[in-house]
Chemist: 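A single structure is presented below for examination.
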Amino acid sequence: MGRQRSLLGLILVLLIAAVVIIVKIPTRLGLDLQGGSQLTLQVKTTQEVKEITERELEAVLKVIEGRVNGLGVSEPVVQTVGKDQILVQLPGVNDPQQAERVLGGTAQLDFRKQKSGTETQLQIEKQNLREKLETQAQLKKTPDQAAIAKNQAELKATNGAIADLFDKTELTGKNLKDAYPEPVGASQNWHVGLKFDPRGGELFAELTKSIAGTGRTLGIFLDNAPISADFAYTVDVQYAQTGITGGGAVIEGNFTAERASDIAVQLRGGALPVPVEVVENRTVGATLGRDSIERSIYASVGSLILVLLFLGIYYLLPGTIADLALVIYALLSWASFALLGVTMTLPGVAGFILSIGMAVDANVLIFERTREELRAGKSLYRSVEAGFYRAFSSILDGNVTVAIACVSLFWLGSGLVKGFALTLAIGVAISFFTAVTCTRTFLMVSISSPELRQPKFFIRNPSATAAEIESRTRKISVNRTRKRWWTVSTIAILGGLIAMGISWQQLGSPLRPSLEFIGGTRLQFELDCTQPQNCRPISLDAVRDVLSEQGIDKNSSVQILGNDQRAFSIRTKDLGVDQRTALTNALSTEVGTFDIKKTQIDTVGPTIGRQLLSSGLMALLVSFVGIVIYISLRYQIDFAIFAIVALLHNILITLGIFALLGLSPLQVEVDSLFVVALLTITGFSVNDTVVIYDRIRELMEINPDRSFSETVDDAVNQTLQRSLNIAFIVLLTLFALLLFGGDTLKYFALAQIIGFTTGIYTSIFIATTLLTWWRERTEKSAPIVPALVDGDTGDRASSDISGSSDEA
């Protein structure tokens, strides 16, 4: 019991820490949950800059960060994506046109000369600037939005006052070739070196000559604001006759290495004549975000309650203990998201909900193995121990295969896809801990109590033997009827391929692509019903007339939304900022006043679509390779090959059904979340197949002389109850997602339901029968890799446990 007490103490400490973290660190919400704008900026090359390297990208990133700060946005996200893109997330900004205008232009760096007689005023304003920047840095660590906005306004006024103290010159960023930090001898001080082009060298010499020894300064401005608190520099009197010549200069400020590097990056960013194009612009209204939060909460709570009820009713005391472990899992996961700074998006919430299924799967495996041991006549203590030991290899293999899919998603995906992969991966890791540590500890503590150490709390009808249970259980022979299942699968796959062919002919794609894959602009509006005269059904003809007047009616589609017909969406070609503004104004005039909080605008360039598709396919390929390698190491190569064949079977059926849905009146489109669904199906499908593989391996070790076909049939029957139970539990979570997750996640959940249902069918009737057919054909009888824990009927497993006892 000493070990159990220590583990209980650890679990209690983790729970307390989790609660403290949840209370102290608020969960970060993505734009689709709180509203705002997201822009993806493409950094372009020019004749002067042939290639965008990490150095150039860093400089442009610094400029964009400065512009975002100028917008006064709380908790913005500015980060590089790939080698030549920058992602900008602006929570609370619902005017994409403003954001696009501010962020989409080339940075303007220029060198200015201080006006005469402003020396005293400049010192005052420099002190104000430094104080405002320090206050800004402190306020950004707090949620006080009013104080942040007030400080931003004061900072803007100070920048304007400083700009009035300087005269512009001809010397601008286009004349600056390079800026770099350089150390000062062996000291800890650093300077910033500058290099100009020939014309810039001449202008710099003239500028420095005019202010040398006067006490006035040379000011460096970026986008009409001081580049930093250190923006103004004096020139020594020795340069009064000639100025600083040679096309180069050194800013001597006794900077730290970090500060000198920051200034150099800012200067390079302003110097780059690199155009930045907005290739994606998404806007989510705050009301849409709030609705998404409510639906996500309903889905999470609803699925969790249903799962808890099922476990407690079906698995009795172990199920109740699993419920407790599942609550611990939820708290630890939530705390991990907050501690790691995970930004929760709708796909992230979906990943968390789906990980609930994985959290339960390990417990189901353990409890089913424990029941088998009890029916075989083992004592309660030995049955519980053997149940954990025998289930461990299946739990490990299942978690690793899902983790491989998560790593592929996170490595090759972007944006929402990464958020989904991260939350699912965290959930899988924590579920592994709660199953093998929390559940085991609680079970061992419970059976130490005489009142709970009774088989009736673990299994219904404990007096029935394994032979009696087996005699009443109808067995299935998958290999005897395998041609029937192969025929069903062949018809389903061929039907899907025909549907994809028709879709290709009609749409130019095997599935109906969403905006993300083909590029364009989608606008969604809803009438503002606070004005009664404005709240009425929308005329489809009126919307189309406006599109025709704006010259964008060709290849555009309009859809009226909602039962009350007070909202509509438009999907059309890629529209610029001015075109979107003109269209919105025209629609508002002709159709009615729109609720800005429920307005949603997405603009995606075809480049984004190609990247999504290529990264999704690459992630799928990497998942396949990783799974094949892992299963080959744990079993044999033919096991791995047919696991992948079965997986392709699942994916093809899912693709076929969505091809039919795309051709139907529903016109269902596939987007990046559909790619996420396929990759999730990869992990879950292989997980179920691996459980059966693990039982085949175990039975082969017990009776190596038995025919492979009979061994496979027994393995399927022995794991069937587990497969059905876990399918029921995961489908509960998925249907909760389908019903409560909102329109964004509706077809994502449907793809998961289709893929997971076919995955159960495939693991039982396709993967096993193809493997048997191959083994019979090649007469392969080589032994496979043994499980992590030996055991035939549980005796060897339990005998290896120090201190195990029937009376424990």
Side-chain angles (χ1 to χ4, degrees), residues 4 7-16 18-19 22 297-337 349 352-371 374 380 383-384 387-388 391-392 394-395 398-399 426-449 451-460 721-737 740:
Q4 274 73 42
L7 288 173
L8 282 175
L10 173 63
I11 294 168
L12 181 61
V13 169
L14 290 176
L15 273 177
I16 294 173
V19 172
I22 291 170
I297 292 173
Y298 295 153
S300 301
V301 175
S303 61
L304 190 60
I305 290 174
L306 291 174
V307 169
L308 294 177
L309 288 174
F310 175 79
L311 287 173
I313 293 171
Y314 189 86
Y315 286 107
L316 306 176
L317 177 61
T320 305
I321 288 174
D323 288 345
L324 178 59
L326 196 58
V327 172
I328 294 173
Y329 156 80
L331 289 173
L332 293 180
S333 297
W334 187 2
S336 298
F337 298 152
V349 173
F352 173 67
I353 293 174
L354 289 174
S355 67
I356 294 174
M358 291 299 298
V360 175
D361 187 25
N363 288 297
V364 170
L365 280 167
I366 294 165
F367 299 157
E368 287 294 334
R369 296 308 296 254
T370 301
R371 285 185 168 186
L374 282 171
L380 184 57
S383 297
V384 171
F388 275 92
F392 182 77
S394 295
I395 296 171
N399 279 270
I426 292 173
V428 168
I430 295 176
S431 71
F432 185 81
F433 167 77
T434 54
V436 302
T437 301
C438 297
T439 303
R440 183 180 187 278
T441 301
F442 295 151
L443 269 177
M444 298 308 296
V445 171
S446 67
I447 63 176
S448 67
S449 170
E451 291 79 10
L452 298 177
R453 195 192 307 149
Q454 301 180 48
K456 66 178 183 179
F457 292 125
F458 288 76
I459 185 172
R460 287 184 173 84
Q721 191 62 56
R722 172 265 162 200
S723 296
L724 295 178
N725 285 350
I726 198 61
F728 177 72
I729 289 170
V730 173
L731 288 175
L732 274 180
T733 64
L734 289 172
F735 274 108
L737 201 61
F740 301 110

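FYI, side chains are in, hydrogens and waters are out, and symmetry mates aren't considered; it's all heavy atoms of this structure.
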Chemist: To the nearest 0.5 Å, tell me how far D361 CG sits from I729 CD1.
Modeler: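 Taking CG in D361 and CD1 in I729, the distance rounds to 8.0 Å.
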Chemist: What heavy-atom pair brings S333 and G427 nearest, and what distance separates the two atoms?
Modeler: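 For S333 versus G427, the nearest heavy atoms are OG-CA, 4.4 Å.
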Chemist: Distance check, rounded to the nearest 0.5 Å: L332 atom CG versus F337 atom CZ?
Modeler: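 Result: 10.5 Å between the selected atoms.
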Chemist: Decide side chain to side chain contact (heavy atoms under 4.5 Å, CB included) for N363 and L311; before the verdict, give the C-alpha distance in whole Å, the side-chain angles of both, and the deciding distance to 0.1 Å.
Modeler: CA-CA 9 Å; N363 288 297; L311 287 173; 5.6 Å; no
Chemist: Determine the minimum heavy-atom distance between A362 and A435, stating which atoms define it.
Modeler: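 Minimum heavy-atom separation between A362 and A435: CB-CB, 3.4 Å.
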Chemist: With side chain to side chain contact (heavy atoms under 4.5 Å, CB included) as the test, would you mind laying out the steps for L365 and I726 before giving the verdict?
Modeler: CA-CA 9 Å; L365 280 167; I726 198 61; over 6 Å; no
Chemist: Once the angle between the rings of F367 and Y315 is folded into 0 to 90°, is it parallel (under 30°), tilted (30 to 60°) or perpendicular (over 60°)?
Modeler: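 The rings of F367 and Y315 sit tilted, inter-plane angle from 30° to 60°.
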Chemist: Do F442 and I328 have side-chain heavy atoms sitting under 4.5 Å apart?
Modeler: yes
Chemist: Would you compute the distance between atom OG1 of T437 and atom CG of L10 and round it to the nearest 0.5 angstrom?
Modeler: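 Answer for the OG1-CG pair, T437 versus L10, is 8.0 Å.
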Chemist: Under a 4.5 Å cut-off applied to non-hydrogen side-chain atoms, are S446 and L317 in contact?
Modeler: yes
Chemist: Between F457 and L316, is any pair of side-chain heavy atoms under 4.5 Å apart?
Modeler: no
Chemist: At what distance, to the nearest 0.5 angstrom, does CG of L380 lie from OG1 of T370?
Modeler: 9.0 Å
Chemist: The criterion is side-chain contact (heavy atoms from CB on, under 4.5 Å); which residues satisfy it with L306, sequence neighbours excluded?
Modeler: L732
Chemist: Atom CZ of F432 and atom CZ of F392: how far apart are they, to the nearest 0.5 Å?
Modeler: 4.0 Å
Chemist: Flag the pair V436 / F388 as yes when at least one side-chain heavy-atom distance between them is below 4.5 Å, and no otherwise.
Modeler: no
Chemist: Hey, does the side chain of T439 reach the backbone of T434 with a donor-acceptor pair shorter than 3.5 angstrom?
Modeler: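 Side chain of T439 to backbone of T434, a donor-acceptor pair under 3.5 Å: yes, one is there.
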Chemist: Does any non-hydrogen side-chain atom of N725 lie less than 4.5 Å from one of E368?
Modeler: yes
Chemist: Identify the two heavy atoms, one from F458 and one from P318, that lie closest to each other, and give their separation to 0.1 Å.
Modeler: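 That would be CD2-CG, 3.4 Å.
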Chemist: Looking at Q721 and Y314, what are the two nearest heavy atoms and their distance?
Modeler: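 Here Q721 and Y314 meet closest at NE2-OH, 3.1 Å.
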Chemist: Grab the two heavy atoms, one from R369 and one from A391, that are nearest each other, plus how far apart they are.
Modeler: CG-CB, 4.1 Å
Chemist: Roughly how far apart are I321 CD1 and L324 CG, rounded to 0.5 Å?
Modeler: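 Between I321 CD1 and L324 CG, I get 8.0 Å after rounding to 0.5 Å.
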